[in-house]
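Read through the structure below, which is laid out as structure tokens, and then see the notes.
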Amino acid sequence: MTVRVRERRGVDRRALAVGLALLCAALLVHLAAYAAAPERTDSTTFRLLAGITIGFSVIVILLVGGGWIWLTPARLERLRERAAPFRTGAVILGLIVLFGFGTLMRPEWFYAHLAVTAGSAFALAYHLLYGDQDRPVPRAWFVAAGIVLAVAAAIRIYGLSVYPNKQITDEGWLLAWAVGYLRTGQFTDYLMIYGGHDVHRFYLPMAWWLSVVGIGYWQARLFTFLLLLPMIAFSGYAARNLFGRSAGWLTVAFMFGSAVVMSGARLRHDVGLGLAIAASLWAYSRAIKRDQAWMHLVAGVLMGLGWFGHYHAVGFGAALAVGLYLPRLVLRDPDANGRRGTIYHAPTPFLLYVIGGGIGAGIVFLTQVLPDWQSFLITRGLRNPLDLAGYIGAVIGHAGSIAAHSQLELILLGVALIAAFWRRRAPDLSLALTVILAHLALGVMASETWDHYPMPLTPLYALLIGGLFASGFRRSLPPELSGAGNVLSSGDLPADRLKLNQAVTALVFIIMTFGYTLAVPLQHVITRQPVQTPDPPVIAWIKANVPTDDIIVAEHYYYAWLTDYRMASVLSYNLGGERVPYESAEAMWAAVLPDVVMIDPNLSTCCVPPIMTPAFLEANGYQVVAQFDGGRVPVVVYKHETPSPEFSEELGAGSRSGTN
């Protein structure tokens, strides 16, 4: 190593040390603000956290200040010699401590600040002691990582009924889509009875899956969890094609620990669109790496097929088309003398991607939309912001939805975006621009900032963060990658090996996200809780006292336990269908008179008038037959002894004909 390189690294380390000291000082200020809430200062846990934070920050600040005076190059070399035998042990111990901290993290910005500071301190200490002795990651580390990932996957599968947290409104409702297909042979909104036939065909393979493994909430979540695995694999291969092998491994590792990725295990169709985006990125990256024009067409088709999973595929597809290809259309490659030369790409790859997207979307249109065009028009109500202020709020809110899962991941994504624009290589600029355009498109498509909407974009997030871990803020590629992938090259990337410096820097942050996402399922395993969520008391009462042929109206949430019953949604707007067009919701429910109505004000969608209103129920002959503790307020069960005979006959005919 030349003297100039050593001096440069010394300057970089001193700058990082000063930055870490400032980060610790800011953490102390943040702690003071965090302690403003009286309920925190009375907590033993907070006192312990505050003591550790203050002690850690003061030690780091003193070490940085003392290092300027004491840590001469000669002393640093002696320190490295003494520390060399403890390298592996120190790394393992540090990762265990950080994993433990991850399991205790809360979804609060102070914990994210502390995580960034602790991870940065460990990474800087490692580079200070071992950075000049970098070498490839030993094969044994990959074996150990594979074992850890397998164990983590097993723990998560066991705890799927409790993590990720339940989506109160959607999961029971969407489970009914798959169950409805099994029961009727038709794609219908089973809880709405006759309304909303516009069902994503993503639920067809889920229905097949449930027909094999059995109908149940945990079984359905297992299906969505298993779809995360090919999504992660496609993302890893895309990162490898664009940035090299090391970025591919780090992208995969990050996604296995990501809370935003794990939110895709909910019983929703977001993972279907996420899988399509990941597959499209893989095909795109292969087209760039192998210079295969036809793979751009394949990439577009895969993105278009994402419409089977979610209608947001339209906006996201446009974002990918512009973001991935615009930099390669306008940037110029350096010629042999280093001068900017001709335009690198003709518009052909972009046009092939757009044509492929049209083919994929056309397949979806012909098989999902056109067969039930009227229902499509009815159920596709606009969710666009009404004005510019609403749009800006939606864009900011969707970015904040990432923080709703993990503030640490939002910070990593922000740093990765800055690093990508700093490096200014074509893959970096393409991915960064695509993420920005996708969020701008999401603001147009959805004024409601529900936390599941950004999940399909996790392959893009992961590729940026994998590139950050592999390349940092280094504009020039390492020697083993020189001439490949720099700016706009489409040649093969040499098989660069993952280095220990890269791996440790990434792992100190990834291991905390692992701890954060494993905390709940790990507790579920340790306490020997059942795989299936036990019946809540109100459900146990219904199963013991209500016949399965009775009609139950309840929150969608409860359908996870009531798949053997005929349940109607509280949001149903015309249970009579086209043959009985009721003029109002009051008229409909007064005519329908379901057998049982369950009111749970503790849930977010409660209480939808008129059917979930006690006054309406009592006025129409319902009586309270059971009451259970629901947390804040009781869960109340109402029963009507004489349900509408016309509705019972109508429902039975619909069930037999497969039209409900």
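Side-chain atoms are counted along with the backbone in the values below, which use heavy atoms only and exclude waters and symmetry mates.
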Can you tell me how far [atom2] of [Y] sits from [atom1] of [X], rounded to the nearest 0.5 angstrom?
X	Y	atom1	atom2	value
Leu104	Met512	CG	CE	12.5 Å
Leu31	Cys24	CG	SG	12.0 Å
Leu468	Phe254	CG	CZ	10.0 Å
Asn241	Lys289	CG	NZ	4.5 Å

Is the Tyr111 to Tyr516 ring centre distance short of 6.0 Å?
no
Ring-ring centroid check Tyr34 His113, cutoff 6.0 Å:
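No, the ring centres sit 6.0 Å or more apart.
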Could you tell me if [Y] and [X] have a donor-acceptor pair between their side chains, going purely by distance under 3.5 Å?
X	Y	answer
Thr517	Arg156	yes
Glu409	Ser258	yes
Gln523	Gln529	no
Thr505	His127	yes
Arg87	Tyr126	yes

Taking it one step at a time, do Leu114 and Leu27 satisfy side-chain contact (heavy atoms from CB on, under 4.5 Å)?
CA-CA 7 Å; Leu114 180 57; Leu27 183 63; 3.6 Å; yes
Any side-chain to backbone donor/acceptor pair from Tyr284 onto Leu324? Under 3.5 Å, distance only.
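Yes.
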Quick check: does any side chain N or O of Trp282 sit under 3.5 Å from a backbone N or O of Ala238, one acting as donor and the other as acceptor?
no
Salt bridge or not for Arg266 and Asp451, using N-O below 4.0 Å?
yes
